[in-house]
Amino acid sequence: MVEHEIDYSAVVDILEDILGEHRLHNDYKGQISFDCPVCSHDIKGLDEGDGKGNLEINYKRGVFKCWVCAETHDTYGSLYKLLKKYGNAKQLKKYLLLKPEDDGEQPKRTFIQVRLPKEFVPFKDASLGLKMTPHYKQAFNYLQKRNITDLMIQMYNIGFCYTGHYEHRIIIPSYDSENRLNYFIARSYLNNTKMKYKNPEVDKESLIWNEHLINWDEPVYIVEGAFDSIFLPNSIPMLGKFMTQNLFNKLYDNAKKIVIVLDPDAWEDAFRLYHKLNCGKLMGKLWIVKLDGDKDIADLKGDLSGYEIKQLD
Ligand SMILES: [Zn+2]
């Protein structure tokens, strides 16, 4: 970890901008308290705060916690999380330029080892003719319908389960930079299903999807879903519309050029993400694509040739 001079008084200024006057402050420890924006404002409906200073922040460690509502209202975590929620874009940007490298959003070191379901059948094995069952055909039809080719199946080690906890689901595994499994998604291949996805319960916060396939010297595409990423080489799915701090840090440290391509219904999110990323070292390295209509990347088979890749003002 790089220990560099951090202007903590500037961090305190940002905090006071957002949370009002502080209550207690120990600048040696970097500990400061405020009235909690959740339980003394939102819940009690006060304009002023209750004067109790229950929200405690350690800006040297980049963490915060409310002593009253942390458990019930998720009022704890990284300082970044707090600023993202209560600060404006300018304050957040300022903080990101100042913040310590280790701002508390580091993945927790409690590894839950992800394993592929024991019922997992990789398509590449199944297609040897050993398992040409109706189950196989049904699962394989789904991939064909989504234009997934044999090459993609090989490259991503796609498979399926026809029994067990992940019964009737396509499995797409994700491997970290050292080729260790770190996640998988399980998408139903049945037409009528209540639950389209049923993914393992692990800390999604810390994982980068298929990082072993990423070449950081090339433009990195940011997409929403795992299926999108299959069609666009060198892309990382956020597995949702919001980016984790861990992925943000990874991009910040490694990316030379970033292209954001979210689904057409998420232009606002894409726009916000663009501006969130376009700061500090990443300034000017951001590009964005606006997809029309209701076509996502998978529908376009990853072909963005008809679209303008542009930078925003
Ligand atoms: Zn609180």
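In each ligand, atom 1 is the first atom listed, and ligand 1 is the first ligand listed. In what follows, every heavy atom counts, from backbone to side chain, and hydrogens, waters and symmetry copies are set aside.
Excluding waters, the protein N/O/S atoms found under 2.8 Å from the Zn ion (ligand 1) are Cys36 SG, Cys39 SG, Cys66 SG, Cys69 SG.
Donor-acceptor pairing under 3.5 Å is recorded for the side chains of Asn58 and Gln31. At a cut-off of 3.5 Å, with distance as the only test, a side-chain donor of Gln245 or Asn249 sits close to an acceptor on the other residue.
Annotation: salt bridge (Lys or Arg N to Asp or Glu O under 4.0 Å) contacts involving residues 153-182, sequence neighbours excluded, comprise Asp176-Arg180, Glu178-Arg180.
Between Tyr142 and the choices Gln144, Gln138, Arg146, the side chain to side chain donor-acceptor pair (under 3.5 Å) rule is met once, by Arg146.
In summary, the aromatic rings of Phe160 and Tyr166 are positioned with their centroids too far apart to meet the 6.0 Å limit.
Here Glu211 pairs with Lys250 in a salt bridge; the nearest charged N to carboxylate O distance falls below 4.0 Å.
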